[in-house]
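Numbers restart at 1 for each chain; the letters A, B, ... are given by sequence-line order, proteins then strands. Bear in mind that the values here come from a model prediction, so they are computed numbers and not experimental data.
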Amino acid sequence: MTTNTLGKVAALCSVVIIIGWGIYWGVQVQDTMCLLEASESIDIPECLENM
Amino acid sequence: MDIVFIFEWLDASWLSDLARTSAGLFSMVQAVHILSMIMLCGMIILGDLRMLNVVLTGVPSAVILQNTKKWIYIGLAGIILSGIYESSAIAMKLATNSFFWAKMAGLAMGIIFMLSVRSAVYSRAPEVISSNGSQSDSVDAWVVKLVAVAHLFIWFSVAANGRWIGFS
C-alpha cells in the first residue's frame, strides 16, 4: 500500500471510529440519565418508553 | 450465528467451578485483570500522547513506540487470559449483557486497529521517518494525530464498558 493510500484509509477509519464513538457514548449517557431520572421520580419518565 | 453454546460450555466447565468456589483466587485474577488493563492502557496512552506531541516530547517517538510494544502485548495477554477466567463465573449472565458485547467489539476493534492502521501509520509518521533517515515517504502529521485520537477513544470504550458490566 502506498503512503498516500495508507493516509487516506487511516484518516477515513479514524473519522468513522470517532463519529461512531460519539454516537455510542451519546446514547449511553442519554440512557443513563433517563434511568437516573426514573429512579428519582414516582411517575415513569417519557424517555423510558423510547429506550 | 448463535454462539450461546460457547457460554453454555464455559458455564459447565471446570474453570467455572473453580471461579465460583475459590473466592481468593478469583480476587487475585481480578487484580491481574485490572493491572493488565492499566498496563495496556498506560502504554497505549503513552505512545498515542507522544504522537500527539503532548508527553515526553524530548524523547524520539520511535524509541517510545519500540519500548511500549512488548508491554502492550503482555497487557493484552493478561487481560484476555484473566478475562476468560473471570467471565467463566458468570458466563450465562454475560451472554445477554450488552456492555459485555460492546467491550468485546471494542477489544476486537482495538486489536485490529492497533496492529494494522496504527502500526502502519506510526511507522511512517514524519518524526519516525526522519529519525530513520529518509523523509520522503511519510504520512501527513494530521493523519497521525487523528489515528492517535481514534485509538485512544477505542481503548477508553473497552475500559469504560468493562466497568459498566459491573454496574449492569
Side-chain angles (χ1 to χ4, degrees), chain A, chain B residues 48 51-52 97-126 128-129 132 134-165 167-168:
Chain A
M1 190 185 284
T2 64
T3 304
N4 192 29
T5 312
L6 173 68
K8 284 176 185 165
V9 171
L12 183 69
C13 287
S14 301
V15 167
V16 169
I17 287 167
I18 292 167
I19 292 171
W21 185 90
I23 294 168
Y24 175 77
W25 284 106
V27 171
Q28 293 302 334
V29 169
Q30 209 173 16
D31 287 356
T32 305
M33 297 310 287
C34 179
L35 288 172
L36 277 174
E37 191 186 329
S39 69
E40 287 169 357
S41 67
I42 300 162
D43 302 319
I44 296 169
E46 211 173 288
C47 59
L48 262 186
E49 292 163 14
N50 304 323
M51 273 177 74
Chain B
D48 289 340
M51 296 316 273
L52 288 166
N97 188 309
S98 61
F99 294 109
F100 171 75
W101 289 110
K103 183 183 177 182
M104 291 303 106
L107 184 65
M109 202 191 294
I111 293 171
I112 293 168
F113 191 79
M114 180 173 67
L115 297 177
S116 56
V117 179
R118 181 185 188 256
S119 172
V121 168
Y122 282 7
S123 66
R124 294 190 210 180
V128 175
I129 288 280
N132 290 338
S134 57
Q135 296 182 19
S136 57
D137 200 30
S138 64
V139 292
D140 293 333
W142 66 268
V143 175
V144 176
K145 289 180 178 20
L146 201 62
V147 167
V149 171
H151 194 239
L152 285 172
F153 278 17
I154 294 174
W155 288 103
F156 168 83
S157 292
V158 174
N161 277 311
R163 186 65 280 247
W164 232 274
I165 293 170
F167 293 141
S168 57

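The two residues B:F99 and A:Y24 have their closest heavy-atom pair at CD2-OH, 4.0 Å. The two atoms that bring B:V147 and A:A10 nearest to each other are CG2-CB, 3.8 Å, heavy atoms only.
If you tally non-hydrogen atom pairs under 4.5 Å between each of B:S157, B:A160, B:S116, B:A120 and chain A, the highest count goes to B:S157. Between chain B and the options A:N4, A:I17, A:T2, the largest number of non-hydrogen pairs under 4.5 Å is found for A:I17.
Within 6.0 Å of the NZ atom in A:K8, the count of heavy atoms belonging to other residues, nucleotides or ligands does not exceed 12.
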Worked check of side chain to side chain contact (heavy atoms under 4.5 Å, CB included) between B:L146 and A:I18: CA-CA 9 Å; B:L146 201 62; A:I18 292 167; 4.0 Å; yes
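Atom-to-atom distance recorded for A:D31:CG and B:S98:OG is 9.0 Å, nearest 0.5 angstrom.
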